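To keep things clear, I will list the structure first and then write my remarks on it.
In this text, all values refer to a predicted model and were calculated from it rather than measured experimentally. As the structure lists them, so they are numbered: ligands from 1, and atoms in each ligand from 1.
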Amino acid sequence: MEVLLARENGFCFGVKKAVELTEAAAETGKTVYNLGQVVHNPKISERLAARGVKVIKDPGDASDGIVVIRAHGVPPEVRRQIEDRGLECIDATCSLVLRAQRFTKQLADEGYRVIILGTPDHPEVVGLKGFAGDDYVVVETKEEWAKLPKMKRAGVVSQSTQPPWAFRELVSHVAEIAQEMKVYNTVCPVTVKRQVAASELADQVQTIIVVGGKNSANTRELVNLAKMQGRTAYHIENADELQPEWLRDQERVGLIGGCSTPMDTLLEVKERAEELAAAVPA
Ligand code: SF4
């Protein structure tokens with residue numbers, strides 16, 4: 001059995017920067033806190049915990065030292081809380097998320113009702129809501145945006161990991177219900193490339209193994225995409241979760257990781273899949 005790796009894999013630049021900045025902070029010898037899991041990947045969390053990095057939910061949980069803001073970003077008031085407590089702050093918000101925050105604020109300042117495509121409780125969306133003023137709405141599904149009332153001025157942005165087709169559909173719907181519309185496409189091009197690579201993989205195999213944190217939005221999107229293309233998709237976090245029966249009678253399986261999945265985890269899964277396939281009776 002052959003394991004085909006997708007053409008795009010490994011950390012995206014935003015995750016790479018967030019992990020590197022946290023590791024650099026840990027080198028200083030000061031107490032280092034990540035405000036929430038730095039990226040949605042259990043292996044990375046373990047690696048950072050081994051270096052003494054603590055994960056907190058709220059700046060109030062830190063007494064001294066350095067607080068690292070993760071790639072997903074935070075609302076402005078959380079940033080203020082960090083400063084008010086006199087804590088050192090390292091901002092690892094991805095540049096693309098910062099861009100989305102800027103556009104969201106701009107729309108709110110210009111008097112648009114901000115429509116955010118995303119998962120309401122995802123940390124990145126929680127951050128965006130903090131820039132959206134008082135008049136905003138978060139929608140995630142067609143059913144939700146179909147219920148939006150007619151409005152005068154609508155401004156549309158997206159959580160970075162939403163699929164481009166969903167953003168296009170939302171925008172064309174808002175064009176019908178709003179008198180005036182302003183759109184900022186804040187879907188992350190890196191995740192789009194990863195989704196294209198997943199589609200290409202689906203053209204070559206029937207079964208796709210997707211590796212990444214169960215709470216990683218971009219990883220879950222790869223699973224959805226494979227299923228939408230009629231493929232069997234399994235979502236695992238590490239090689240131990242592989243099941244031999246998934247590989248039975250398969251000539252080839254596809255393998256892809258989310259943007260927060262380290263390359264070494266992916267290669268471990270590849271190696272384990274090949275071992276299991278060799279041991280599975282035909
Ligand atoms: S997925 Fe895109 S937006 Fe998110 S951290 Fe990576 S590069 Fe940045």
Side-chain angles (χ1 to χ4, degrees), residues 6-25 34-45 47-48 53 55 68-75 78-79 90-106 116-132 138 140 156-167 183-199 210-226 235 237 256-263 265-266:
R7 158 171 86 71
E8 298 283 337
N9 265 313
F11 283 166
C12 64
F13 66 84
V15 166
K16 188 166 176 284
K17 182 183 98 173
V19 173
E20 284 174 0
L21 285 174
T22 307
E23 286 176 335
N34 271 144
L35 199 48
Q37 223 183 342
V38 68
V39 289
H40 286 152
N41 184 276
K43 193 159 178 182
I44 298 297
S45 300
R47 198 168 93 190
L48 295 173
V53 177
V55 178
V68 182
I69 296 175
R70 58 185 166 178
H72 302 114
V74 292
V78 172
R79 177 110 205 193
I90 294 182
D91 190 352
T93 308
C94 175
S95 55
L96 296 178
V97 176
L98 288 173
R99 174 179 171 270
Q101 291 176 345
R102 266 198 316 275
F103 287 147
T104 303
K105 181 172 184 314
Q106 189 182 321
I116 303 170
L117 174 66
T119 307
D121 58 352
H122 187 281
E124 185 187 327
V125 176
V126 172
L128 289 178
K129 287 193 280 192
F131 290 87
V138 180
E140 189 172 21
V156 190
V157 289
S158 174
Q159 178 186 345
S160 60
T161 45
Q162 288 292 311
W165 60 264
F167 188 67
V183 176
Y184 286 111
N185 185 348
T186 55
V187 174
C188 166
V190 182
T191 62
V192 174
K193 266 191 183 171
R194 191 75 50 117
Q195 288 164 11
V196 170
S199 289
V210 185
V211 188
K214 293 276 159 65
N215 53 354
S216 157
N218 77 84
T219 306
R220 288 207 303 255
E221 204 45 58
L222 296 175
V223 178
N224 288 341
L225 199 65
H235 181 177
E237 292 188 338
I256 188 164
C259 290
S260 48
T261 305
M263 205 57 210
T265 303
L266 215 61

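For the pair Pro42 and Glu237, the tightest heavy-atom approach, listed with the atom from each and the gap, is CG-OE1, 3.3 Å.
Every residue was checked against the salt bridge (Lys or Arg N to Asp or Glu O under 4.0 Å) condition with Glu221, not counting sequence neighbours, and none meets it.
Looking only at protein heavy atoms, the nearest one to atom 4 (Fe) of ligand 1 is Ser160 OG, 3.9 Å. The shortest contact between atom 1 (S) of ligand 1 and any protein heavy atom is with Thr191 CG2, 3.5 Å. Nearest to atom 6 (Fe) of ligand 1 among the protein's heavy atoms is Cys12 SG, 2.3 Å.
Distances from atom 8 (Fe) of ligand 1 to the heavy atoms of Cys94, Ala92, Gly14 put Cys94 nearest.
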Stepwise side-chain contact (heavy atoms from CB on, under 4.5 Å) test for Val74 and Thr93: CA-CA 8 Å; Val74 292; Thr93 308; 5.7 Å; no
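Ring pair Tyr184/Phe103 is parallel by interplanar angle, where below 30° counts as parallel and above 60° as perpendicular.
Remark: distances from the non-hydrogen atoms of Asn218 to ligand 1 are all 4.0 Å or more.
Each of the following atoms of ligand 1 lies closer than 4.0 Å to a heavy atom of Cys188: 1 (S), 2 (Fe), 3 (S), 7 (S).
In this structure the side chain of Ser216 never reaches within 4.5 angstrom of the side chain of Asn41, judged on heavy atoms.
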